[in-house]
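The structure under discussion appears below in the form of structure tokens.
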2 protein chains.
Amino acid sequence: MTRYIGSGEMADILRREGPEPILRRLTASLRADFLRWTDFDLSPRLASHSAGGVIELMPVSDAELYAFKFVNGHPGNTRLGRQTVVAFGVLADMATGYPLLISEMTVLTALRTAATSALAASVLARPESRSMALIGTGAQAEFQALAFKLALGVTEIRLFDVDPAAVAKARANLEGRGLRLVCANSVAEAVAGADIVTTATADKTRATILTPDLVEPGQHLNAIGGDCPGKTELHADILRRARTFVEYEPQSRIEGEIQQMPPDYPVTELWQVLRGDAPGRTGRDEITLFDSVGFALEDFSALRCLREVAGAGPDLDLLPEPKDAKDLFGPVFSKEGAFDRAA
Amino acid sequence: MTRYIGSGEMADILRREGPEPILRRLTASLRADFLRWTDFDLSPRLASHSAGGVIELMPVSDAELYAFKFVNGHPGNTRLGRQTVVAFGVLADMATGYPLLISEMTVLTALRTAATSALAASVLARPESRSMALIGTGAQAEFQALAFKLALGVTEIRLFDVDPAAVAKARANLEGRGLRLVCANSVAEAVAGADIVTTATADKTRATILTPDLVEPGQHLNAIGGDCPGKTELHADILRRARTFVEYEPQSRIEGEIQQMPPDYPVTELWQVLRGDAPGRTGRDEITLFDSVGFALEDFSALRCLREVAGAGPDLDLLPEPKDAKDLFGPVFSKEGAFDRAA
């Protein structure tokens, strides 16, 4: 049987644990897996593009576990009352190939993305960072705000979105969670004097959410919205001024902000900084950029963590379990009802 | 909501329809999709190999639908009382990226593999073919036998397996289905005088189930067991004598029997023959070989067909459905219970 965690149970689990404890556990899981980066069989995700968006499969494995996530990105979905990004994931046993867990990952992806952003910022932002501009206050926003509060001690969030309803939503959700919330009237107002700038917008275009004149020395930029070919958020001149960190270079060259740059544009992979193999921030005035696109290893860590947190629960008859492993035909067509769960 | 078909419901559906009608519908679905081959976004499957086996993701899409299958191949599983190959699949809507259906595919894969084999044989085997040797009588065997009966009018099946219990199992399952069943004492005995030879063995090795001295002029070889790097069933000299047909050349070069041959070894893709763009069998004495590895398009066809056959039924809360598509945080952490199915 395959353990199943739907969006109903996921909400129950997360509510029971609370957002900050779960972010703390996810961050620990992510850090542990980034530190053993070389144990994994890594590959860029497999993307199917269409006019309206993209569907991706993101597999990764170590010697014990295999994980993959199904995730889409369809910016036009919100016009239909649907979400831009939905996801589910699977953990499987490498020894037998059998799936162990299938879980919703729409909410879990938002949590792991935020935990990864904050993990990166913990080695890239100035240690005294207290304020963050949050440009784009859609589905990811509150998760980012709480992860940065938790990991860096951020106390002030400046919210900006072209959709005022989205700002009001984020504000209402973040109210009473120990953060000073400022609604900015423009990107410029949100960014001016902020220690950290997070961009989390959704258009599938070459957008320039941030222009070079807005960026200040010493800022850390956490760019999570540009994550597929043709979808970027930063002006290329910002990349020319910043030191840039990525998750997995082969994938980021295709999908990240750095798709705008020549192939020899220098980047550092985050795991190298976490392991102490490469420097993070090297000076107070340096502009650091975490060009995040979301990598399969993060989903592996999130599913591994979820499996521990969730414990036993409902499962699915996703696989037939014939008494004779070589007899698939008989239980269906000769021996009535042998696959039935009640049997 | 995502429609769910577990192995229990799958068995119900297949029993209700009957094996031959379902094979007929699958064959029609496969033929229709092979004929519009160029409408699809194709790629070789993404494989994660380990010492014990392989886990693969097989995606494919056209303008409307996206499909992928998760499938393993672990030859040692039968020693643990588990199946060598288990699978599940997903259909999703290209316009929104939302998953529409998640289904068991262990049984469905056996059916679609058999339907594909028979579809290929219908243009490659001699029209008067009536007898088939079936080497390897594991989980795939009965499906192959019935598909060949249906598509080609095969009346005699000669069964051989190194495991006598597997032969007895296949014989018992096929009894009373309008086939003359012969249990052979060796591969040679099964193959001698047979019009068609199907090899469906499971070892992850360079095996030589069939040697050149056994193969007779005019035979059609349906090799379905060799399907990943390092796993083959035929002696290379058989490939040198045969005209070889594959599903999707880039994948078959890596996974098929033809992995034994140089890159310029000539092959023809099945869809070209079905469309009349390339010849199938060109003479009575020609040895034809369908070097089948299983391709994502076949799963697409099978899932599309299944969705029609199954109709409405149970579904999963695999995706959260927040009232405000930009508010993922609120329903979990601020607005109690908003994702709960009972709410």
Side-chain angles (χ1 to χ4, degrees), chain A residues 6-8 11 14-15 19 41 43 46 48 50 52-53 55 57 59 61 66 68 70 72-74 77-78 80-83 86 88 90 92 94-99 104 106-107 110 138-139 142-143 166 169 173 316-320 324-334 339-341, chain B residues 6-8 11 14-15 19 41 43 46 48 50 52-53 55 57 59 61 66 68 70 72-74 77-78 80-83 86 88 90 92 94-99 104 106-107 110 138-139 142-143 166 169 173 316-320 324-334 339-341:
Chain A
S7 59
L14 298 179
R15 235 178 264 134
D41 183 11
S43 55
L46 208 57
S48 278
S50 60
I55 296 177
L57 295 176
S61 59
Y66 174 93
F68 82 88
F70 168 104
N72 79 313
H74 284 71
N77 275 2
T78 47
L80 312 168
R82 295 188 145 192
Q83 299 162 90
V86 295
F88 69 91
V90 171
M94 280 298 274
T96 62
Y98 273 44
E104 95 81 34
T106 306
V107 181
E142 300 89 341
F143 301 94
K169 178 258 341 179
N173 281 333
L316 293 178
D317 64 337
L318 196 58
L319 309 181
D324 172 0
K326 290 186 181 178
D327 191 3
L328 210 50
F329 185 92
V332 178
F333 294 117
S334 303
F339 286 164
D340 286 358
R341 302 204 42 190
Chain B
S7 58
L14 297 179
R15 234 177 266 134
D41 184 9
S43 55
L46 208 57
S48 277
S50 60
I55 296 177
L57 295 176
S61 59
Y66 174 93
F68 81 89
F70 168 105
N72 79 314
H74 285 70
N77 275 2
T78 47
L80 310 169
R82 296 189 146 191
Q83 299 161 91
V86 296
F88 69 91
V90 171
M94 280 298 274
T96 62
Y98 274 45
E104 94 81 32
T106 306
V107 182
E142 301 89 340
F143 301 94
K169 179 254 350 175
N173 281 334
L316 293 178
D317 65 337
L318 196 57
L319 310 181
D324 172 359
K326 291 185 179 177
D327 190 5
L328 210 51
F329 185 91
V332 178
F333 294 117
S334 302
F339 286 163
D340 286 358
R341 303 202 44 188

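Chain identifiers are assigned alphabetically (A, B, ...) following the order of the sequence lines, protein sequences preceding nucleic acid strands; residue numbering begins at 1 within each chain. All values below come from the heavy atoms of this structure, side chains included, with hydrogens, waters and symmetry mates left out.
A:F329 and B:F143 have perpendicular rings, their planes meeting at more than 60° on a 0 to 90° scale where under 30° would count as parallel.
At least one side-chain heavy atom of A:V86 sits under 4.5 Å from a side-chain heavy atom of B:Y98. Annotation: side chain of A:M94 is in contact with side chain of B:I55 (closest heavy-atom distance under 4.5 Å). Residues B:L46 and A:F68 fail the side-chain proximity criterion, which asks for heavy atoms closer than 4.5 Å.
Between chain A and the residues B:L318, B:T78, B:L80, B:V90, the most heavy-atom pairs under 4.5 angstrom are made by B:L318. Ranked by non-hydrogen atom pairs under 4.5 Å with chain B, the options A:N77, A:T96, A:L14, A:N72 are led by A:T96.
Of all heavy-atom pairs between B:K169 and A:K326, the closest is NZ-O, 2.8 Å. Across B:E142 and A:D327, no two heavy atoms sit closer than the pair OE2-OD1, 4.2 Å. Here the shortest heavy-atom pairing between A:D317 and B:G6 reads OD1-CA, 3.3 Å. The minimum heavy-atom distance linking B:A139 with A:A325 is given by the pair CB-O, 4.4 Å.
Every residue meeting the side chain to side chain contact (heavy atoms under 4.5 Å, CB included) condition with B:S48, not counting sequence neighbours, appears here in chain and number order: A:D41, A:S61, A:Y66. Listed by chain and residue number, A:D93 satisfy the side chain to side chain contact (heavy atoms under 4.5 Å, CB included) test with A:A95 (two or more places apart in sequence, or in another chain).
In this structure, the separation between CG on B:L328 and OG1 on A:T106 is 6.5 Å, given to the nearest 0.5 Å.
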Exercise. Do B:L316 and A:E104 pass the side chain to side chain contact (heavy atoms under 4.5 Å, CB included) test, and can you show the C-alpha distance, the side-chain angles, and the key distance before you say yes or no?
Worked result: CA-CA 10 Å; B:L316 293 178; A:E104 95 81 34; over 6 Å; no
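Here the side chain of A:R15 pairs a donor or acceptor atom with the backbone of B:V332 at under 3.5 angstrom.
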